[in-house]
Amino acid sequence: MLRTADAAGVIPVLPKTDQAEVPEQWAPSATRRRGVKQMGAGTPLRTAGGPGSVGDAPDADGTLLEVARAAVAGTGSRGGGGDWGFTVEGFWCTARPAAPEIPEQGWKLHVSAASEVAVEVLAAVAAVIAEDPCAFKFAADREKLHELNSRNSERGSAGKFITVYPADEEQFRRIAEELHRATESLPGPTVLSDRPYAPGSRVHYRYGAFAGRAELGNDGAYRSMLYGPDGARIEDVRTASYRCPPWAVDPVEGRGSTKPSGARPGPGGVLLGGRYALTAAVRHGAKGGVFLGRDTASGAEVVVKQARAHIEVDRSGTEARAALRHEARLLARLDGQELTPRPVQLLEQGDSLFLVQERIPGQPLGSWVAGRLRRDGAPDVAWAEAGPMALALVELLERVHAEGLVLRDLAPGNVMVRPDGRLRLIDLELAAPVGTTAGSAGTPGYRAPEQGPVRLCSPAEFSADLYAMGGLFFLLATGHDPLLPEDLPRARPVAERLGRWLALAAREGGTARRLAPIVLGLRAEEPGQRWSLARVRAALADSVPLQTAPPAGEPLLDRLLHDGLRHLALTATPQRRDRLWPTVPAGQLTDPCNVQHGAAGVLAVLARAACAPLPGPVRESARDTAKLAAEWIERRCAAEPVVLPGLHFGRSGTAWALLDAAEALADPALADRAAALARRVQLTWPNPDVCHGAAGAGFLQLRLYRSTGSSEFLDRAAACAHGLLAAAQREPYGTVWPVPRSFDSSLAGVTHLGYAHGVAGVGAFLLAAAEATGDDELLTSARQAAGTLAATVRREGAAGWWPQSEGDPESVRLAHWCSGSSGVGSFLVRLWQATGDSDAYELALAAGQAVLDGRWHSGVCACHGLAGNGEYLLDLAEATGERRFRSGAEELARLIAARAALRDGRLILPDETGTGCTPAYGTGTSGALAFLLRLRHGGPRIWLDPQPLGAGLTMSRP
């Protein structure tokens, strides 16, 4: 039976479908808001009822600060005096009254506001709280409020302009009612994670952590925990739906059960407008969802787009509902021309608007390209298919421009390829008549510079679509989105930036040779210099291939290495308590002292650089920064009681990095402290893997043994290894090490094959432990791990690929260190070296071929990109003596170099986002620097070979 959507117009979270799904880009706004909500120290601004300076407040909009200060400056009627403290830290400005303490958890209030009424809402809220003092915080400036209200905001955070922390439920009830009255006439978005205080209210509430200490979870990420009266603990998860802890009683509804925020799908889906059965979600976002469905009146398949009130779709603040109405008008205007879907109906329900439109069969252009990239060392889609597609894109854009429209968001996710090869445009909400002024927006990598994030508005010009089409041609030529970090302070010519990447691709791919000159012509920074569609059409008909330049040589790689190491020194922030270096969005919540996202990975690279034959100033800078980093890490570790075992997400990697630093700095006392930290690491752990678990802990003990020769650490490594023997399980395809389903981890229940989380990593540790101890039982288990990998390999010619798990679809064939050929091969080549196992040797070569064949379609990072893959090719080159692997590693280095940004005269590599330059080892620039350092100057492989940097140090005994 079909269920009808509730009156509030909130569509339930339906199961996602892979059809027409467009990958979402991380937005900077999301990275600054994610994570544990703590009210720590920042820049204090005190006021005692009179005027005061706020000019020194970082990241603050004086308007909003002055509004809040003015409202709370007088003495409130319920006490607390007029002495308020204001703290600006990152995204938020926190206001605290002098007297009340902030509870660790309780019922909190969120007040939303449309951007145009931010001042009015903040003034009203602050005035209410001045009469009944408690702590509150608000987005520190208008730009941050725009990010909260943006379509790119996380659904669990969207709309949370002001957060209020009542001291108890009695104060909660008083303030909630007063805030509702004070703001009920003002517009603002719905806060999806909360329950509205009243229908349509700007005031929302939920039970959550206030100022409690964040806890480091088993996966190495911080999380807020809630504590029940009986001591029960649950994580304070901020999702896009209201949740009430089992022990709490809703202070407004008067019950503890969670009231659904929308109807749940029945067997036939959700019924919208009494007619449209919604059966699956293409995606969910702060702006609203995109759903697949069926018109029950006609039987036709439809797509339904939702737009929520007061969510902004561009820099000028265009509201989502207005943008969706605009799109509906454009679809009606273009109906019948076979350019776009046919519009069916606009529906309003609650605070949401829904556009029902024809469902276009097929797949997005990005998926079409991905399905045609070959695993044979070629970078591009074959010209037999890419050429007709390029021409079809030109014809499509010619027809749109003939209608006087500028698409302004011509991107791979917005072009559908029908089964018959014809193209259709979807998501026209940013399109505008030529010459009109529109809010700046667009898809990163395809958005023209004149539509960039620094501009609120820009004129709609055909040249913006030309720039975007150059990006689509680049995708056909390389298999990549044209994402690069921004040059600062001034961009280099496009021929120097994308041109280097294209020149490398053109050496191997026919499509790249044909399209490269056109891409460079379309991607000119100046709109007037971009090629016209007529010129593009002519070039496609009579293509002049790009004349490829000789590959970059050692001087460029050395500059990248030296500049990158200097950048690590210049970007360290030892005065900050949270992070020594910034990290990618996925790492924001993680332990700042780990290897993957934190300071330990960077420290280990600096320690190696301090011992390498680099120019004196570079080496000394690395040495000084390593000393600074080691001191920061030790201070930060001392403040964190939880000691997790993993090598990449736990303290094993931290201790290893500190030991490397001790050897590089000739500091025996630091080495002793690193050893003391290693002794605190647990050797048995439910998760058996390298990154988070026991195998990583074992590798650390071997690292200490190699440096000290102490039997203590050898015994600890052996104990860890035998614990892993006990944890092994047999499957029909071989021996595996699953993560228990009962373990408190996002990895609970998984059985992976790769190095980071699975069989290859455990096997590598067991092999290393067997070599150190002479224990044949450990060697036998390592061989069994190799047998599992032999049974699960997926062959394609001479190449060997692996899935993440044995049961993955046949199409899943991975090449990287974390999951895939590079990591699997890293174990197998060492097994062959230790035992002469011919099967391991053959599979290691096949893994190397897979890495070579897949080199064009990777990012640059160590975990799942070119740097980690390049390290494996160096392993093979050293083990086998085959020149092709050394040449392959050099080729990967050139591909990495092609993506560098010029920052203040220094060449800096990108991180895994493609547009940032954060230093983390696994996901940032220092992993690539480690690869370049080893490529140019040799040495053991970091984190895999537990060898000391030098002759070792004499360490005191415990």
Side-chain angles (χ1 to χ4, degrees), residues 25 27 115-116 142-143 146-147 149-152 287 307 311-334 337 339-340 393-394 396-415 425-474 482 486-487 490-491 493-494 498 518-536:
Q25 299 290 335
S115 294
E116 67 269 18
R142 293 172 183 270
E143 177 60 26
H146 166 71
E147 293 181 25
N149 289 347
S150 164
R151 65 186 297 173
N152 294 321
K287 182 175 74 74
I311 295 296
E312 301 168 5
V313 299
D314 61 30
R315 290 277 295 142
S316 71
T318 301
E319 206 238 28
R321 293 176 301 179
L324 195 60
R325 288 191 179 93
H326 168 72
E327 180 175 5
R329 289 192 295 269
L330 290 181
L331 294 183
R333 171 179 166 182
L334 298 173
Q337 300 189 41
L339 285 170
T340 60
L393 288 167
V394 171
L396 183 71
L397 200 53
E398 285 174 337
R399 294 175 61 197
V400 171
H401 287 183
E403 295 292 325
L405 292 176
V406 182
L407 293 173
R408 302 181 65 250
D409 195 18
L410 179 60
N414 294 341
V415 179
L425 292 165
I426 59 174
D427 290 342
L428 267 66
E429 63 185 27
L430 298 183
V434 64
T436 60
T437 299
S440 294
T443 302
Y446 298 87
R447 177 182 58 211
E450 58 270 25
Q451 293 176 210
V454 298
R455 301 189 182 191
L456 294 180
C457 298
S458 59
E461 301 293 348
F462 294 143
S463 55
D465 289 348
L466 298 175
Y467 185 91
M469 191 168 70
L472 298 181
F473 284 9
F474 183 89
E486 186 180 5
D487 280 354
R490 184 179 298 108
V494 66
L498 281 183
I518 304 174
V519 171
L520 297 179
L522 289 168
R523 298 285 287 193
E525 287 284 321
E526 292 299 323
Q529 296 177 3
R530 294 170 195 157
W531 284 16
S532 67
L533 289 175
R535 184 174 180 182
V536 172

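Atoms considered below: every heavy atom in the structure, side chains included; atoms not considered: hydrogens, waters and symmetry mates.
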TODO: Please report the shortest heavy-atom distance between A320 and V313, naming the atom on each side.
DONE: CA-CG1, 3.7 Å

- [ ] Calculate, to the nearest 0.5 Å, the distance between atoms OG and CD belonging to S463 and E526 respectively.
- [x] 10.0 Å

Open item on the list: Test of understanding: with salt bridge (Lys or Arg N to Asp or Glu O under 4.0 Å), list the residues that count as partners of E429, not counting sequence neighbours.
Closed with: R151, K287

Open item on the list: Quick check: do L522 and F474 have side-chain heavy atoms less than 4.5 Å from each other?
Closed with: no

TODO: Could you tell me whether the side chain of L330 reaches within less than 4.5 Å of the side chain of T340, counting heavy atoms only?
DONE: no

Open item on the list: So, using side chain to side chain contact (heavy atoms under 4.5 Å, CB included) as the criterion, who are the partners of T436 when residues are at least two apart?
Closed with: A432, P433, A460

Task: Nearest heavy atoms of A411 and T443, plus distance in Å - done: CB-OG1, 3.5 Å

Task: V536 and L466, any side-chain heavy atoms less than 4.5 Å apart - done: no

Task: salt bridge (Lys or Arg N to Asp or Glu O under 4.0 Å) partners of E525, counting only residues at least two apart - done: none

TODO: Look up atom CZ in R329 and atom CG in L324, then write down how far apart they are to the nearest 0.5 Å.
DONE: 10.0 Å

Open item on the list: To the closest 0.5 Å, what do you measure between CG (L331) and CD1 (I426)?
Closed with: 10.5 Å

TODO: Answer yes or no: is there a donor N or O on one side and an acceptor on the other, between the side chain of R408 and the main chain of G439, under 3.5 Å?
DONE: yes

Open item on the list: Holding to side chain to side chain donor-acceptor pair (under 3.5 Å), I want the full list of residues that pass it with D314, two or more places apart in sequence or in another chain.
Closed with: S316, T318

TODO: Could you pull out the closest heavy-atom pair between R530 and A524, with the gap in Å?
DONE: NE-O, 2.8 Å

Open item on the list: For the backbone of L428 and the side chain of E327, can you confirm whether one donor and one acceptor N or O come within less than 3.5 Å of each other?
Closed with: yes

TODO: Would you please name every residue forming a side chain to side chain contact (heavy atoms under 4.5 Å, CB included) with Q337, sequence neighbours left out?
DONE: L334, L339, R399, E403

Open item on the list: Can you give me the closest heavy-atom contact between E461 and G435, atom names plus distance?
Closed with: OE2-CA, 4.3 Å

Task: Any L472 side-chain heavy atom under 4.5 Å of Y446 side chain - done: yes

- [ ] Check whether any side-chain heavy atom of L533 sits under 4.5 Å from a side-chain heavy atom of F462, and report yes or no.
- [x] no

Task: Beyond-backbone contact of R315 with Q451, side-chain heavy atoms, under 4.5 angstrom - done: no

Task: Side chain to side chain, D427 and D409, heavy atoms closer than 4.5 Å - done: no

Open item on the list: When you compare the side chain of L425 with that of V415, does any pair of heavy atoms fall below 4.5 Å?
Closed with: yes

Open item on the list: I need the L393 CG to L397 CG distance, nearest 0.5 Å.
Closed with: 8.5 Å

Open item on the list: Looking at R321, is its backbone amide N or carbonyl O close enough to the side chain of E319 to form a donor-acceptor pair, meaning the two atoms are under 3.5 Å apart?
Closed with: yes

Open item on the list: How close do P482 and G471 get, counting heavy atoms only, and between which atoms?
Closed with: CG-CA, 3.8 Å

Task: Partner residues of E116 under the salt bridge (Lys or Arg N to Asp or Glu O under 4.0 Å) criterion, sequence neighbours left out - done: none

TODO: Mind checking the CG-CG spacing from N414 to L407? Nearest 0.5 Å is all I need.
DONE: 9.0 Å

